[in-house]
Amino acid sequence: MNVNKNEIDYKRVISTIMVFLLSCVVAQYIANYFIGVRVANQKTMVQNAAQIAHLHFQSKIENYLTMADSMKKYLVLHGEEKTFANFQDLAKSMQDDHGVVKCIELAKNGVITAVYPVKGNEHALGVNLLKADNRRYEAEIAKINNDYTIAGPFPLVQGGIGALLLDPIYVTENDGRTKFWGYVVIVLDWNKYLKEVNIEHLESLGYSFDLWHENPYTGAHNSIASTKNAVTKEALQVKFEMPNDTWYMDVEMRDGWISYEEVELYNMVSLLVAIMLSFSYWLYLSRDAKEKLYKQELEAALAKAEVANEAKTRFLFNMSHDIRTPMNAILGFTEIAKKSKDAALVADSLAKIELAGELLLKLINEILNISRIESGTLETVFTETNLRRFGRELDTLFSQGMAKKGIAYKLSCEIEDEIVICDKQHMQEICVNLIANAQKFTKPKGKVNVLIKQLKNKACPGGYADYQIIIADTGIGMSEEFQKVQYQLFERERTNTVSHTEGTGLGLSIVKSLMDLLGGKIDCTSAVGKGTTYTLTFRLQIVAAPATVGNKTAKELTEQDLVGKEVLLVEDNEINREIAQFVLEEAGMKVSTAEDGSIAVKLAQEKLYDVILMDIQMPVMNGYEATRAIRNLENKELANVPIIAMTANAFEEDRRNAFEAGMDEHIAKPFKVQDLLCVLAEVLRETHEHGHSQ
């Protein structure tokens with residue numbers, strides 16, 4: 001037995017060593033591949049930068065050749081005598097603003113006979129370009145090809161380093177033949193030209209380069225421009241096609257295509273991968289009798305993963321489950337509004353469309369927030385809510401769909417204290433999920449009843465009461481097995497009746513999570529073929545009837561506060577801007593608009609507005625940046641203007657970001673008109689009473 005064990009151990013060691021060596025080879029190959037990719041990417045980036053520099057060179061040359069063309073056309077059109085007579089004025093009008101053009105010359109038969117300006121360029125007069133050193137080759141090329149040619153850079157006879165742009169001139173004689181007349185010559189101050197094309201920008205980007213061309217007389221390397229750091233043999237060479245000449249740029253990253261540290265990192269990673277693979281292989285060979293159990297556990301885990309994957313797949317295919325009800329309401333009431341000529345019926349349909357749209361938005365937000373529910377970061381918002389109105393809104397949402405399906409639907413209220421403090425949004429989502437399920441799983445001629453009632457519980461503390469929302473249907477019901485897992489994510493009943501029914505498998509999970517978040521209790525009784533009843537229990541704070549200020553309602557007070565106020569509306573979306581401007585002007589406000597944050601800052605510097613409505617995501621300058629810029633204005637009165645964020649960034653952290661940027665309030669889009677006006681009025685009242693504080 002010992003012999004066998006030793007033999008097994010020996011084979012295990014040898015095979016692991018072989019795997020390690022093979023892994024090293026493969027990992028090093030992969031590392032070299034990624035190093036090659038990295039170097040290739042760097043070279044592509046460098047080549048692109050060089051090509052851009054080439055375009056700058058060509059563009060500037062083209063600008064200066066335009067001068068030569070203008071002079072040439074004038075000579076051809078008006079003749080030699082008139083051109084020489086007006087040369088100084090013509091050349092003066094062609095001078096550039098940056099002093100790159102050192103002078104402009106006319107060279108009849110190749111001899112420079114006119115120059116502007118004369119001062120400082122006297123020594124150029126009389127030079128024969130067709131015979132002078134460093135010029136005759138390019139002059140001959142330009143003459144033969146009848147095309148622009150660049151000569152230099154080289155020392156100029158009048159001093160300094162420059163380049164010549166030679167533009168040959170051919171004129172037509174009386175007998176119709178063309179004859180070489182000479183050249184228009186643009187002399188460029190080379191150092192100023194290099195600054196004009198901004199070639200030093202390449203050095204600021206971390207590149208080393210040498211721009212050069214072959215000396216046409218000796219074939220030697222003639223450097224045109226270069227960085228202080230010399231390029232190496234590893235440099236990338238890019239061709240610059242110039243007028244009748246070819247320039248080359250040898251360019252590379254100043255610190256090399258890839259740093260020593262990066263190479264070492266790739267090598268270390270490859271070694272680590274080889275070690276990990278070898279260690280994994282060692283563990284694989286070291287498995288003992290527990291292999292069977294491990295295999296069973298692995299198969300069980302795989303099966304569980306497959307179930308979860310199937311559930312998520314069903315979720316992706318059935319995303320319409322939780323949004324279908326409000327969407328049906330929107331489509332149904334839209335059809336009614338389109339066909340009806342009754343103004344009252346149209347107005348009623350639009351109001352119901354608005355309500356369904358709000359619920360649809362809330363459902364979408366909750367689906368997107370499922371990760372927040374799981375992580376425990378979802379926040380509650382408690383406000384005053386009228387439970388009777390709450391019930392009527394639910395009734396409006398479902399009555400039409402229930403009737404269309406042939407379900408007897410009834411919603412009733414048995415409450416005394418109807419105004420309470422609660423998280424209306426999340427309570428509404430809970431009810432929408434459960435009532436939608438009741439509608440979906442109840443056959444025609446079935447019943448769905450919803451009851452909102454107040455319990456008589458003497459154990460409740462003062463100012464509180466227990467309320468129940470009972471949702472009962474006569475639908476298909478649930479099996480006992482499914483009732484145990486109904487609140488788990490992506491779970492759905494696996495009966496033949498349910499398998500063809502759309503749904504995400506998120507609804508009941510969201511319901512349970514929200515009930516726990518609100519401190520409520522949910523009970524379920526169900527039987528297959530008999531129906532399902534959910535009982536939701538909440539303990540809520542009772543609120544007395546809403547107070548009024550004098551004889552005026554909140555709406556009247558809001559309108560009174562807004563009439564005549566000047567608002568700056570900052571919104572980049574034209575449609576959103578049009579809607580908001582209409583709402584604000586309907587409320588009696590004077591509206592100025594800005595398409596982005598930079599425009600808003602400029603307007604805020606010029607005029608004191610009563611309030612600014614600021615979008616967040618905008619081009620040029622976003623809402624946060626614009627707000628900070630306004631708050632930093634030297635004029636403190638202008639800097640302290642009230643600013644309200646009006647944005648589709650609707651999560652709690654977005655509110656915090658708005659306040660941290662210096663904003664006074666936050667309202668989410670899409671907004672309810674009355675909510676927007678109330679927020680505006682409240683901010684304006686607080687500003688009037690207390691002033692803006694930072």
Side-chain angles (χ1 to χ4, degrees), residues 379 381-384 549 554-555 557-573 576-577 579-581 583-618 621-694:
E379 298 182 1
V381 179
F382 290 90
T383 57
E384 290 187 13
V549 181
K555 180 178 180 181
L557 286 170
T558 297
E559 292 175 348
Q560 182 182 16
D561 288 332
L562 299 183
V563 171
K565 299 296 184 183
E566 295 195 61
V567 56
L568 175 58
L569 173 62
V570 189
E571 169 64 68
D572 67 312
N573 184 281
N576 290 345
R577 190 167 61 248
I579 293 171
Q581 184 173 358
V583 169
L584 297 170
E585 289 177 346
E586 281 289 299
M589 302 187 78
K590 299 177 181 179
V591 183
S592 301
T593 61
E595 291 76 27
D596 62 60
S598 63
I599 299 174
V601 173
K602 182 178 179 182
L603 293 176
Q605 289 176 313
E606 299 172 351
K607 179 179 180 179
L608 177 61
Y609 293 91
D610 292 299
V611 65
I612 296 176
L613 280 173
M614 183 76 72
D615 190 18
I616 299 300
Q617 294 187 357
M618 295 182 293
M621 179 183 287
N622 66 39
Y624 298 138
E625 295 168 339
T627 298
R628 294 188 182 100
I630 293 172
R631 294 295 184 230
N632 289 325
L633 293 177
E634 292 183 4
N635 186 322
K636 294 305 176 185
E637 186 178 17
L638 295 176
N640 290 336
V641 60
I643 302 177
I644 300 173
M646 187 172 70
T647 172
N649 300 341
F651 295 127
E652 186 59 31
E653 58 263 37
D654 299 314
R655 290 179 58 85
R656 288 195 293 268
N657 291 338
F659 294 138
E660 289 172 0
M663 298 184 181
D664 298 87
E665 192 47 87
H666 175 285
I667 185 165
K669 292 188 291 190
F671 58 80
K672 294 177 66 175
V673 173
Q674 193 58 36
D675 289 346
L676 172 62
L677 299 182
C678 285
V679 169
L680 279 167
E682 184 64 26
V683 169
L684 288 170
R685 281 197 293 268
E686 289 181 0
T687 303
H688 176 72
E689 294 172 2
H690 308 295
H692 187 278
S693 59
Q694 296 247 13

Could you give me the CA-CA distance, side-chain angles and deciding distance for Asp664 and Ile643, then say whether side-chain contact (heavy atoms from CB on, under 4.5 Å) is met?
CA-CA 6 Å; Asp664 298 87; Ile643 302 177; 4.3 Å; yes
To check you understand the geometry: which heavy-atom pair defines the closest contact between [X] and [Y], and what is its length?
X	Y	result
Ala600	Ala594	N-CB, 3.8 Å
Met614	Ala626	CE-CB, 3.8 Å
Ala661	Arg628	O-CG, 3.7 Å
Val683	Glu665	CG2-CB, 3.8 Å
Ala580	Met646	CB-CE, 4.0 Å
Ala587	Val563	O-CG2, 3.8 Å

Side-chain heavy atoms of [X] within contact of [Y], under 4.5 Å:
X	Y	result
Ile616	Tyr624	yes
Leu569	Arg577	yes
Leu608	Asn635	no
Met589	Asp610	no
Ile630	Glu625	no
Asn657	Met663	no
Leu584	Leu680	yes
Leu568	Val641	no

In chain order, what residues pass the side chain to side chain contact (heavy atoms under 4.5 Å, CB included) check against Glu585, with sequence neighbours excluded?
Gln581, Val591
Could Arg655 and Glu660 be called an ion pair, given the rule that one side-chain N must be under 4.0 Å from one carboxylate O?
no
Using a strict threshold of under 4.0 Å (side-chain N to carboxylate O), is an ion pair present between Arg685 and Glu682?
yes
Should we count CD of Glu606 as having more than 12 external heavy atoms under 6.0 Å?
yes
Tell me whether Gln617 at atom CD has more than 12 heavy atoms from other residues, nucleotides or ligands lying less than 6.0 Å away.
no
Nearest 0.5 Å please: distance from the CD1 atom of Ile644 over to the CG atom of Leu676.
7.5 Å
Can you list every side chain to side chain donor-acceptor pair (under 3.5 Å) pair that touches residues 588-598, not counting sequence neighbours?
Asp596-Ser598
